[in-house]
*Asks:* 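This is the structure I want to talk about, given as structure tokens.
Being a predicted model, the structure only gives us computed values, none of them experimental. Throughout, a chain's letter reflects where its sequence line sits, starting with A, and its residues are numbered from 1.
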Number of protein chains: 2
Amino acid sequence: MPVAEADVIAGPDPEDACCFVREHAGNRLLQLVGGCTIDYQGRAKSQLASGERLILLKPDGTLLVHSDEGVKPVNWQPPGTTTTADVRELDGDTRLIVTVERSSPDEIVTMAFDRVTMACAFDIEDWEDLELLGTEEDIQQLLRLHPDLVEEGFEPYDMELDRRRGPMDLYGHDVHGTRTVVEVKRRTAGIEEATQLARYVERERDKHEEVRGLLAAPDVSETAHKYLRDKDLEFCELDLDRLMPKVPQLHATQETLGDFG
Amino acid sequence: MPVAEADVIAGPDPEDACCFVREHAGNRLLQLVGGCTIDYQGRAKSQLASGERLILLKPDGTLLVHSDEGVKPVNWQPPGTTTTADVRELDGDTRLIVTVERSSPDEIVTMAFDRVTMACAFDIEDWEDLELLGTEEDIQQLLRLHPDLVEEGFEPYDMELDRRRGPMDLYGHDVHGTRTVVEVKRRTAGIEEATQLARYVERERDKHEEVRGLLAAPDVSETAHKYLRDKDLEFCELDLDRLMPKVPQLHATQETLGDFG
DNA sequence: CGTGCCAGGTGCCCT
DNA sequence: AGGGCACTTGGCACG
């Protein structure tokens with residue numbers, strides 16, 4: 001297996017940096033570190049005065065501009081962009097100008113460097129997909145398998161491949177045979193989640209005599225709880241500490257089933 | 001001004017890489033490129049089989065793990081983490097293990113490298129704040145200044161420093177003196193945005209005789225439009241192409257005002 | 001493609 | 001710290 005070497009150049013002049021970008025953009029994972037101004041125009045518009053940043057250009061056309069703080073890039077562009085590098089005279093200096101643009105929506109990010117500290121490029125190949133456990137989907141499926149964790153006697157309909165019933169997470173009937181809509185959340189439910197449940201239940205109440213609505217979440221905000229009571233809906237506390245440990249088995253079971261399906 | 005040089009080492013062995021991480025983590029912007037497995041345990045849980053990735057560790061404790069595609073990091077941690085580097089025997093190989101953890105919530109990301117292609121560290125200092133134009137806040141303020149763009153004769157209350165009236169974007173009365181709540185959106189409004197307006201208006205209708213509700217957005221989904229009609233609410237189309245160009249003046253005006261305030 | 005909705009969402013501001 | 005909400009949200013699945 002060939003070890004892809006990293007090309008690194010320290011403190012290149014604008015011309016060298018420009019060639020470097022042209023050579024590797026859209027091809028390898030390209031990095032630029034240096035002082036630059038950044039302008040963005042597209043869905044919104046932004047300007048960023050000169051400062052030192054790390055620029056990442058992925059082979060798929062993704063742009064990321066990171067400052068020294070925080071998770072979110074200070075500027076970015078989604079995959080599918082095209083990159084241009086040029087050298088221009090600006091304020092009597094020769095500068096590297098890198099633009100990254102895309103269409104629909106039309107957007108452009110322009111980076112004007114007053115100094116390039118480092119440029120490097122390398123191949124990274126990643127064939128693996130992230131396996132994520134503990135999503136809302138996981139919790140839903142657990143509750144489908146163990147409906148008593150929602151409420152004693154609750155029995156969900158099988159909506160596996162029948163989304164025509166609607167976007168409800170769980171739909172079934174309670175111990176008294178009353179239709180019951182359940183909206184599942186993996187974290188503290190707020191007013192927005194309560195509203196979402198209310199909307200689903202309202203639709204069902206238009207069609208049927210009596211419909212209960214349950215918001216199943218590890219916690220609920222006070223405002224949301226009040227809203228639920230106003231709308232004749234209920235909160236159902238989920239004990240994530242008990243549920244989460246069951247998730248790995250669930251995934252294991254599904255892999256096994258996959259062998260047959 | 002001292003030019004911060006980048007420290008770069010290519011293909012370090014695990015021990016060297018370990019020292020490098022210990023030396024720079026939490027101090028400079030640290031990068032690792034190489035093949036690794038990644039495990040995350042915290043609010044959820046994830047596993048990622050061995051593949052080549054770019055790891056970024058910012059001085060503020062932010063962790064970013066990027067693969068070769070997409071805007072979102074495949075794993076991450078927000079600022080405030082602590083980093084540990086160790087060398088361990090695993091499957092008969094000596095491997096670099098880097099862990100990044102934090103508390104409240106308790107979370108840990110563990111990276112086990114089977115190869116480090118490159119490690120580098122450098123200082124980037126960025127004192128500048130992004131100036132973003134065309135946010136929802138901008139559009140709100142424009143409409144406050146030019147209420148006729150919402151509707152002929154609309155007059156908003158001055159809620160500048162009085163949030164007690166509620167979280168409504170705009171609140172005023174129309175040409176007939178009828179109370180009118182306006183929810184502003186910068187992009188196509190969907191069912192969620194319609195629901196949000198409905199919630200605000202419902203509260204006001206509980207307190208007052210007659211209240212109109214306007215969803216002001218560049219567009220609205222069909223479902224949302226229907227929902228608005230059902231709830232006796234209205235859609236108000238915003239012409240962003242006409243509004244956006246006015247935003248720069250708005251910001252300029254506010255800077256000027258800032259000189260006096 | 002539009003529309004809805006989850007996300008380990010993140011970040012901001014307010015109480 | 002809790003809570004509501006915008007975000008150049010991004011990403012996916014479905015009609």
*Asks:* May I ask you to say what A:Q196 touches in the nucleic acid, namely base, sugar-phosphate or nothing, with a heavy-atom cut-off under 4.0 Å?
*Replies:* sugar-phosphate
*Asks:* Roughly how far, to the nearest 0.5 Å, is the NZ atom of A:K207 from the CZ atom of A:R203?
*Replies:* 8.0 Å
*Asks:* Both A:Y200 and B:V109 contact DNA chain C. Taking the nearest nucleotide for each, which residue is further toward the 5' end?
*Replies:* A:Y200
*Asks:* Please tell me if B:T135 has a side-chain N or O lying less than 4.0 Å from either OP1 or OP2 of D:dA6.
*Replies:* no
*Asks:* Taking for each residue the nucleotide of DNA chain D with the nearest heavy atom, is it A:P79 or A:A224 whose nucleotide lies nearer the 5' end?
*Replies:* A:A224
*Asks:* Considering just the side-chain nitrogens and oxygens of A:R186, establish if one lies under 4.0 Å of OP1 or OP2 belonging to C:dC5.
*Replies:* no
*Asks:* With distance as the sole test, does B:E204 use its side chain to make a donor-acceptor pair with the main-chain N or O of B:V201 at under 3.5 Å?
*Replies:* no
*Asks:* Excluding sequence neighbours, so at least two apart, what forms salt bridge (Lys or Arg N to Asp or Glu O under 4.0 Å) with A:K246?
*Replies:* none
*Asks:* What is the nucleic acid contact for B:R187, judged by heavy atoms within less than 4.0 Å: base, sugar-phosphate only, or nothing?
*Replies:* base
*Asks:* Which is true for B:K45 with a 4.0 Å heavy-atom rule: it touches a base, it touches only sugar-phosphate, or it touches nothing?
*Replies:* nothing
*Asks:* Donor-acceptor check, side chain of B:K58 to backbone of A:G70, threshold 3.5 angstrom: yes or no?
*Replies:* yes
*Asks:* Do the side chains of B:T83 and B:V21 get nearer than 4.5 Å, heavy atoms only?
*Replies:* yes
*Asks:* For nucleotides D:dT9 and D:dC5, find the distance between their C1' atoms and express it as a whole number of Å.
*Replies:* 12 Å
*Asks:* Of all the nucleotides listed (D:dG11, C:dG11, D:dG3), which has the minimum atom distance to the side chain of A:T223?
*Replies:* D:dG3
*Asks:* Which of these nucleotides, D:dC5, D:dG3, C:dC6, is closest to any side-chain atom of A:E136?
*Replies:* C:dC6
*Asks:* What I want to check is whether an N or O donor and acceptor connect the side chain of A:E222 with the base of D:dG3 at under 3.5 Å.
*Replies:* no
*Asks:* Between C:dC6, D:dC5, C:dG11, which nucleotide gets closest to the side-chain atoms of A:K185?
*Replies:* C:dC6
*Asks:* Test of understanding: with salt bridge (Lys or Arg N to Asp or Glu O under 4.0 Å), list the residues that count as partners of A:R186, not counting sequence neighbours.
*Replies:* none
*Asks:* Assign B:E183 to base, sugar-phosphate, or nothing according to its heavy-atom contacts below 4.0 angstrom with the strands shown.
*Replies:* sugar-phosphate
*Asks:* Looking for any heavy atom pair under 4.0 Å, which part of the strands does B:G134 touch: base, sugar-phosphate only, or nothing?
*Replies:* nothing
*Asks:* Taking only the side-chain nitrogens and oxygens of B:T188, find out if one of them lies under 4.0 Å from OP1 or OP2 of C:dT3.
*Replies:* no
*Asks:* Considering only heavy atoms, which members of residues 233-248 of chain B lie under 4.0 Å from some atom of DNA chain C?
*Replies:* none
*Asks:* When you check the phosphate oxygens OP1 and OP2 of D:dT9, does a side-chain N or O of A:W76 lie under 4.0 Å from one of them?
*Replies:* no
*Asks:* Under 4.0 Å, heavy atoms only, any strand: does A:R102 hit a base, just the sugar-phosphate, or nothing?
*Replies:* nothing
*Asks:* Could you tell me whether A:E69 contacts a base, only the sugar-phosphate backbone, or nothing, with contacts defined as non-hydrogen atoms closer than 4.0 Å?
*Replies:* nothing
*Asks:* Identify whether any heavy atom of B:G190 sits under 4.0 Å from a base atom; if not, whether one sits that close to sugar-phosphate; answer base, sugar-phosphate or nothing.
*Replies:* sugar-phosphate
*Asks:* Find out whether B:F154 and B:L214 are in side-chain contact, i.e. whether some heavy atom of one side chain is under 4.5 Å from a heavy atom of the other.
*Replies:* no
*Asks:* Can you tell me, in whole Å, how much space there is between the P of C:dG8 and that of C:dG4?
*Replies:* 22 Å
*Asks:* Quick one: B:E193 CD to C:dT3 P, roughly how many Å, whole number?
*Replies:* 12 Å
*Asks:* Check whether any side-chain heavy atom of B:L143 lies under 4.5 Å from a side-chain heavy atom of B:D169, and answer yes or no.
*Replies:* no
*Asks:* Need one value for B:E107: base, sugar-phosphate or nothing, where a base atom within 4.0 Å counts as base even if backbone is also close, heavy atoms only.
*Replies:* base
